[in-house]
A.B. asks: 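This structure is in structure tokens; I'll ask about it shortly.
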There are 2 protein chains.
Amino acid sequence: MSEALLIDGDIASAISTADEPGKNTTFTIGELAKEFGVTLRTLRFYEDKGLINPKRDGQNRLYSRRDRARLKLVLMGKKVGFSLNEICDMLDLYDLRNGQVVQLRVALDKFNQQIDVLKEQRSHIEQAIDELSRTVEVVSGMLKEKEAAEKK
Amino acid sequence: MSEALLIDGDIASAISTADEPGKNTTFTIGELAKEFGVTLRTLRFYEDKGLINPKRDGQNRLYSRRDRARLKLVLMGKKVGFSLNEICDMLDLYDLRNGQVVQLRVALDKFNQQIDVLKEQRSHIEQAIDELSRTVEVVSGMLKEKEAAEKK
DNA sequence: ATGATATCTTACGTTTGCGTAAACGTCCAG
DNA sequence: CTGGACGTTTACGCAAACGTAAGATATCAT
């Protein structure tokens, strides 16, 4: 595998990164929140939505490395424009390292679909930019006329 | 003015288009809704938000050409990514045909700011596309490996 | 013992842009 | 007079992704 080529923070690396035994195996909600720059509320919300399922130390949440990896995937999914629901559907991806070919294909499909969605969004935005640029030109023109007129 | 160069549906033309006396001067809510492809609810909602202020024929709304032009501006504002609130702030622009230089400047500023916002959005989307494209490559690789392994 | 720190659950609030009834008025054609 | 067509107001609903208390518990340090 070309893991050396993968930038940290990459979806693919998050998928294919294995646990490193010997390191911290569990995290508190506060630790995770700080590490990823999210609020406690967010983590609890994700749990509510079934995205992460930490165990409990009494009442307190106890996150495993696996939970942490899933969180990473959630946040990256958001970064590329997936909704939490879509992410939820795909999240079994984390287990896809060991997973089945069929699931990989499904994931690949969704990724490609999302690429199309993003390209469409980009196109709309570019149209808007064009429109506004034209407007700026015209309004600039009006402005100059007015200014000229006021000098009279 | 270079009005001939302005495509219909253009913000600038909507700003600089004068009333044509002799044509229909008033519109019902249904007429306007049909013309612009929005619902009655939408028009009432815009009124609620202070974007348009039709007069009344008894209880019924009566839209003037000016109201119609403002609606046009609202819809175009949406097209280029302004929120209704932002549009509301800028909407006095319609009167800027006759209006003051200062206001034109303000408008120009907002347009340029919005262009920047849009460019940022575009940049984010492009990053997401890149990210996803890389992911697709990697996952494709994983897929091939798996398939090869299954053939054993 | 006391205050600070971290955690918990429950649950209502926020934002944007309308959708979707419900229940009623008005006017015109058949 | 009856049924559409068109209009009115009031007001709750929705989706997404959390924010923001409120009130309780538990542990830790001083």
Side-chain angles (χ1 to χ4, degrees), chain A residues 24 26-64 67-68 70-91 114 117-118 121 124 128, chain B residues 24 26-64 67-68 70-91 114 117-118 121 124 128:
Chain A
N24 258 355
T26 57
F27 311 85
T28 71
I29 191 171
E31 287 169 358
L32 237 57
K34 193 170 293 180
E35 180 177 354
F36 291 100
V38 298
T39 68
L40 307 190
R41 173 70 175 112
T42 298
L43 291 176
R44 296 185 188 120
F45 181 73
Y46 289 168
E47 183 176 352
D48 239 50
K49 289 274 167 176
L51 296 168
I52 314 177
N53 288 308
K55 290 178 182 166
R56 297 303 178 110
D57 168 24
Q59 224 187 4
N60 292 12
R61 290 169 175 80
L62 205 59
Y63 294 84
S64 68
D67 295 324
R68 180 170 167 279
R70 287 175 74 96
L71 173 58
K72 211 170 181 175
L73 281 173
V74 170
L75 297 177
M76 295 192 180
K78 288 196 55 185
K79 247 180 47 184
V80 297
F82 286 113
S83 72
L84 291 185
N85 277 330
E86 290 170 318
I87 292 171
C88 193
D89 292 341
M90 295 185 301
L91 208 52
Q114 180 64 7
V117 169
L118 290 171
Q121 288 181 10
H124 287 152
Chain B
N24 256 354
T26 58
F27 311 85
T28 70
I29 190 169
E31 287 168 359
L32 237 57
K34 193 171 292 180
E35 179 177 354
F36 291 100
V38 298
T39 67
L40 306 189
R41 173 68 174 114
T42 298
L43 291 177
R44 296 185 186 121
F45 181 74
Y46 289 169
E47 184 176 353
D48 237 51
K49 289 276 166 176
L51 297 168
I52 313 175
N53 288 308
K55 290 176 181 167
R56 298 302 179 113
D57 168 23
Q59 224 186 4
N60 292 14
R61 291 169 175 79
L62 206 59
Y63 294 84
S64 67
D67 295 324
R68 179 170 167 278
R70 288 176 73 95
L71 173 59
K72 211 170 182 176
L73 280 173
V74 170
L75 298 177
M76 295 192 182
K78 288 196 54 185
K79 247 180 46 184
V80 298
F82 286 113
S83 72
L84 292 185
N85 277 328
E86 290 171 319
I87 293 171
C88 193
D89 292 340
M90 295 185 301
L91 208 52
Q114 180 65 6
V117 169
L118 289 171
Q121 288 181 9
H124 287 153

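The figures that follow rest on heavy atoms only: side chains count, while hydrogens, waters and symmetry mates do not. Lettering follows sequence order; numbering is per chain, from 1.
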A.B. asks: Output the rounded distance in Å from CG (B:Leu32) to C1' (D:dC6).
C.D. replies: 15 Å
A.B. asks: Of all nucleotides in DNA chain C that come within under 4.0 Å of a heavy atom of chain A, which is furthest toward the 5' end and which toward the 3' end?
C.D. replies: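 Footprint of chain A along DNA chain C, 5' to 3': C:dT7 to C:dA11.
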A.B. asks: My understanding is that only residues two or more places apart in sequence, or in another chain, count here; which of them pass side chain to side chain contact (heavy atoms under 4.5 Å, CB included) with B:Lys55?
C.D. replies: none
A.B. asks: Just how far, in rounded Å, is C1' of D:dA5 from CD of B:Glu31?
C.D. replies: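 In whole Å, D:dA5 C1' and B:Glu31 CD are 14 Å from each other.
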A.B. asks: Where is the tightest heavy-atom contact between B:Gly50 and B:Cys88, given as atom of each residue plus distance?
C.D. replies: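 Nearest heavy atoms, B:Gly50 then B:Cys88: O-SG, 4.4 Å.
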A.B. asks: Any chance you could lay out the side-chain contact (heavy atoms from CB on, under 4.5 Å) test for B:Phe45 and B:Leu84, step after step, and finish with the verdict?
C.D. replies: CA-CA 11 Å; B:Phe45 181 74; B:Leu84 292 185; 3.6 Å; yes
A.B. asks: For A:Leu40 versus A:Gly30, what's the shortest heavy-atom pair and its separation?
C.D. replies: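 For A:Leu40 and A:Gly30, the tightest heavy-atom pair comes out as CD2-CA, 4.0 Å.
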A.B. asks: Name the nucleic acid region contacted by A:Arg44, choosing base, sugar-phosphate or nothing; use a 4.0 angstrom heavy-atom cut-off, strictly under.
C.D. replies: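 Counting heavy atoms under 4.0 Å across all strands, the contact made by A:Arg44 includes a base.
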A.B. asks: By side chain to side chain contact (heavy atoms under 4.5 Å, CB included), which residues pair with A:Lys34, not counting sequence neighbours?
C.D. replies: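 Counting only residues at least two positions away or on another chain, A:Lys34 forms no side chain to side chain contact (heavy atoms under 4.5 Å, CB included).
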A.B. asks: Nucleotide by nucleotide, 5' to 3', does protein get under 4.0 Å of the base (B), only the sugar-phosphate (S), or neither (-) in nucleotides 14-19 of chain D, counting heavy atoms?
C.D. replies: --SBBB
A.B. asks: For a quick test of reading the model, state the closest non-hydrogen atom pair linking B:Asp67 to B:Ile52 and the distance between them.
C.D. replies: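 What the structure gives for the nearest pair is CB-CG2, 3.8 Å.
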A.B. asks: Output all residues satisfying side chain to side chain contact (heavy atoms under 4.5 Å, CB included) with A:Gln114, sequence neighbours left out; order by chain, then residue number.
C.D. replies: A:Phe82, A:Val117, A:Leu118, B:Leu132
A.B. asks: Could you walk me through whether A:Ile87 and A:Leu73 pass the side-chain contact (heavy atoms from CB on, under 4.5 Å) test, one step at a time?
C.D. replies: CA-CA 8 Å; A:Ile87 292 171; A:Leu73 281 173; over 6 Å; no
A.B. asks: Run the side-chain hydrogen bond (donor to acceptor under 3.5 Å, both in side chains) test against B:Glu47 and tell me which residues pass, sequence neighbours left out.
C.D. replies: B:Arg56, B:Arg61
A.B. asks: What residues, two or more places apart in sequence or in another chain, satisfy side chain to side chain contact (heavy atoms under 4.5 Å, CB included) together with A:Phe36?
C.D. replies: A:Leu32, A:Arg68, A:Leu71, A:Lys72, A:Leu75
A.B. asks: Quick check on contacts: within residues 51-58 of chain A, what sits under 4.0 Å from DNA chain C by heavy-atom distance?
C.D. replies: A:Arg56
A.B. asks: What's the verdict on side-chain contact (heavy atoms from CB on, under 4.5 Å) for A:Leu43 and A:Tyr63, showing C-alpha distance, side-chain angles and the deciding distance?
C.D. replies: CA-CA 10 Å; A:Leu43 291 176; A:Tyr63 294 84; 3.8 Å; yes
A.B. asks: Kindly write out the residues that satisfy side-chain hydrogen bond (donor to acceptor under 3.5 Å, both in side chains) with B:Arg44, not counting sequence neighbours, or none if the list is empty.
C.D. replies: none
A.B. asks: For B:Thr28, give me all partners under side-chain hydrogen bond (donor to acceptor under 3.5 Å, both in side chains), at least two apart in sequence or on another chain.
C.D. replies: none
A.B. asks: Which atoms of nucleotides 26-28 of chain D (N or O only) lie under 3.5 Å from a protein N or O atom, and what are those distances?
C.D. replies:
none

